[in-house]
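Worksheet: one structure, shown below.
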Amino acid sequence: MIDAVFIWAENPPWWERVAALFGFVAIMGLQLVHSFPQLLPGLYRYRYATWSLQAVLAYAPLGLFGFAWGGMTEFLTASSVLVFPAVIGWPLFGAGVLTCWGLYSGRDTNTVLYNVVEGALIPLIIIGLSRMSDMIVKLHRSREELSRLAVAGERLRFARDLHDVLGFSLSAISLKCELAYRLLVDAPAKAHEELGEVLSTSRKALADVRSVSRGYREMSLSGEAKAAVSMLSAAGIRTTLKFEVGQLPAVVDTVLATTLREGLTNMLRHSKVENCEIRAERVGAGAVLTLANDGIGRVRLPKGGTDGGLAAIDCRIKKLGGTLDHGSDGQGWFRLEAVVPLPDQAGEDRADLIAASDTDDAERSSVRPHGHRDMVPRAAAAITLAVLVGYFLAYSLIAMSYQPPFGKAVAAELCMFATLVIQLAVSFQWRFAWSARHPRLLSHGALAGMLLLQCVPWSFLGPSWLGMPGFVAGTALLVLPAAAAWPVVAAVTVLTDLVLSQVSGALTDVIYVSAYTVICALVVFGLSRMAQLASELHWSRTEIARLAVTTERLRFARDLHDLLGFSLSAITLKCELVRRLAQSRPVQAQAELTEVLQIARQALADVRTVADGRQRMSLTAEAESATAMLAGVGIRATVDTDCGELPGEVETVLATMLREGLTNMLRHSKAAHCEITAERTAAGVRLTLVNDGVDGCAAPGLDSKVNGGSGIGNLTTRVNAVNGRLEAGARPDGRFELKAEVELLAAAA
């Protein structure tokens with residue numbers, strides 16, 4: 001609105017002033033609609049019509065006000081780029097700049113050039129502020145979506161690792177339990193041995209669960225091969241093992257061990273195997289793993305095709321430069337062959353990095369889309385650079401308009417160019433690593449340098465030197481606190497006005513330069529800060545997504561412990577019971593083994609639930625399952641969970657608490673009696689677990705491990721999340737109590 005000065009300076013009639021004011025307000029309103037579509041989205045739908053109206057308001061008054069109205073065309077030039085597609089908008093931008101040339105043709109060259117530069121600079125400022133504001137809004141909105149995508153990718157990795165690790169273990173448990181079931185009557189000693197294998201496998205599964213929840217884990221191919229031979233031999237499958245691969249790099253060892261485990265899992269699930277061959281050897285510069293079997297009735301995969309588990313492993317192997325092949329060999333055998341090149345010593349670090357990055361692929365791909373990862377910070381930097389250079393050209397033309405001698409003209413240009421360089425360093429300080437060492441010193445030094453370049457040239461260039469006061473004021477806003485910056489802006493503006501008044505006594509020039517200085521300072525400050533913010537937001541998305549993934553990993557580890565800990569503990573406990581009953585009461589032992597099989601199947605379902613992240617548990621169902629399980633192990637149970645309908649999240653938390661509490665009781669105490677009570681209270685619901693096995697449960701500080709990785713710490717976190725309170729500890733009567741109270745109204749809110 002600086003151009004209003006020129007209209008008022010001509011002392012037009014009052015109605016012309018009113019018309020000019022109306023035109024100014026209308027153009028500003030239309031510009032806001034074009035620059036910020038979210039402000040009035042209903043009106044923005046008719047943006048082509050509003051642009052046409054703005055064109056009329058920009059050009060029609062020229063006949064009345066002349067060049068004094070010329071600044072209004074610059075808003076139309078900016079709107080052309082903001083409203084139309086680029087193929088139309090930027091040609092219209094060029095036409096708008098040429099219009100400025102035509103409006104001021106006939107005047108002196110400096111005036112024409114200055115107004116042409118302004119005709120491009122002002123629209124660029126408007127476009128920059130509008131586009132960068134929109135970019136920042138979109139970046140803010142995209143953070144939630146990017147985090148969601150990163151979490152979804154992490155869940156896929158969880159599901160893959162759970163399939164790789166627990167699929168084999170739970171399949172082996174099921175297979176051995178079925179074998180023990182058949183042997184209990186005829187060969188109880190052999191059944192006793194098989195149950196020992198089940199116990200070993202269940203304990204290993206618990207260790208694997210903890211490993212998966214921590215992230216990337218190293219596995220041993222030799223260890224997996226030996227375990228496979230033992231398990232397959234016990235199942236009556238003749239197995240040949242040839243292991244001549246020697247010591248392998250950790251990443252290759254883990255990938256091949258995972259491949260062997262997945263191949264055995266598929267073999268046990270989908271085929272009737274009599275003979276199996278496992279061979280690991282070095283061939284040239286690579287390691288080759290071959291798993292072959294004569295399975296009858298196997299569902300054959302097309303050559304090069306993949307199922308879910310093998311697809312994930314195929315991806316891992318390809319990242320290491322290897323290949324995975326599987327299918328019939330034409331002789332009635334199914335073969336799975338993995339070939340992985342062995343990195344030399346120099347390449348091992350790179351291979352480890354590839355393996356480590358495998359856990360973050362989904363996260364990184366969602367945060368930095370391929371081919372466009374630098375678009376936002378580069379666009380913001382380009383807009384800011386263009387505007388700063390435009391101001392440099394405008395100030396240069398102002399200096400040259402006083403027609404200084406050649407020597408003074410060169411000196412003036414050098415001083416202004418030095419000011420521009422310092423301004424670029426200040427505006428883009430966040431892009432340079434060296435500036436992080438002494439940011440305050442560099443910023444204040446830059447301001448001091450610009451003040452010297454603004455003031456010292458007066459001593460040898462004379463009163464015709466105006467310098468670049470807008471840059472000095474803008475830098476003050478960037479590097480100083482507001483309380484100190486605004487006095488500097490005011491001082492620089494007043495000082496410039498005093499110098500200008502010595503050269504030109506025109507009041508309009510003083511008002512124009514004053515407003516120009518302040519506006520330039522605000523533009524420099526705004527664009528520099530917005531460019532920095534856009535870049536920080538863009539690159540912080542990676543950290544935001546990583547934090548979301550970290551949160552998901554904590555949830556996953558907690559759910560994995562809470563859901564599978566009970567199942568695997570129950571499997572272990574029941575198998576120990578079956579081993580004791582095998583000799584004396586084989587029928588009861590068979591009944592217990594049937595329950596073990598059911599628990600194993602439920603564990604597989606729980607695995608899918610954890611990875612999916614949408615588990616909904618029933619307190620009643622958990623109580624019924626607990627009653628049956630406790631009765632099977634000889635623990636008397638008193639159960640009363642008739643507390644009515646509960647909110648889904650609250651019921652899931654209480655059911656998880658019941659499962660975790662029983663898991664801890666079975667692991668750490670010798671309880672003979674257990675009470676489970678869920679009841680309504682005035683504020684909500686209370687769940688209480690009481691047992692008489694205090695010796696193992698009343699560990700000091702058990703109820704204080706709020707941020708622990710398992711057990712009571714997990715439960716405390718869960719209960720707190722639904723506005724509840726968890727207490728655990730020994731009661732005065734010598735029994736151990738685990739109690740949770742949840743306020744239902746607060747939880748629902």
Run the side-chain contact (heavy atoms from CB on, under 4.5 Å) test on Leu53 and Tyr46 for me, step by step, so that the C-alpha distance in whole Å, both residues' side-chain angles and the decisive distance to 0.1 Å come before the verdict. CA-CA 11 Å; Leu53 177 59; Tyr46 305 99; over 6 Å; no
Verdict with reasoning, Val97 to Val116, per side-chain contact (heavy atoms from CB on, under 4.5 Å): CA-CA 6 Å; Val97 175; Val116 169; 3.8 Å; yes
Under the criterion side-chain contact (heavy atoms from CB on, under 4.5 Å), I'd like the reasoning laid out for Thr99 against Thr77: C-alpha separation, chi angles, the key distance, then a yes or no. CA-CA 10 Å; Thr99 299; Thr77 302; over 6 Å; no
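The backbone N or O of Arg47 lies less than 3.5 Å from a partner atom in the side chain of Thr50, making a donor-acceptor pair. A distance-only check finds a donor-acceptor pair linking the side chain of Gln454 to the backbone of Leu466 [under 3.5 Å]. In terms of modelled atom types and a separation under 3.5 Å, the side chain of Tyr114 and the main chain of Ser401 share no donor-acceptor contact. At least one donor-acceptor pair closer than 3.5 Å links the side chain of Trp458 to the backbone N or O of Trp465. Side chain of Trp69 to main chain of Ala58: a donor-acceptor pair is present (N/O by atom type, distance under 3.5 Å, no hydrogens or angles).
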Please output the side-chain donor-acceptor pairs of residues 89-96 that fall under 3.5 Å, not counting sequence neighbours, one pair per line with the distance.
none

Would you mind writing out the side-chain donor-acceptor pairs for residues 475-485 within the sub-3.5 Å range, not counting sequence neighbours?
unit_1 : atom_1 : unit_2 : atom_2 : d
Thr475 : OG1    : Gln423 : OE1    : 2.8
Thr475 : OG1    : Phe471 : O      : 2.9

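For the side-chain contact (heavy atoms from CB on, under 4.5 Å) test, no residue two or more places apart in sequence or in another chain qualifies with Gln403. Every residue two or more places apart in sequence or in another chain was checked for a ring pair (Phe, Tyr, Trp, His ring centres under 6.0 Å) with Phe525, and none qualifies. Evaluation of the ring pair (Phe, Tyr, Trp, His ring centres under 6.0 Å) rule for Tyr48 yields Phe84 as partners, not counting sequence neighbours. Residues passing the side chain to side chain donor-acceptor pair (under 3.5 Å) test with Thr493, sequence neighbours excluded: none.
Other residues, nucleotides and ligands contribute more than 12 heavy atoms inside 6.0 Å of the CZ atom of Phe460.
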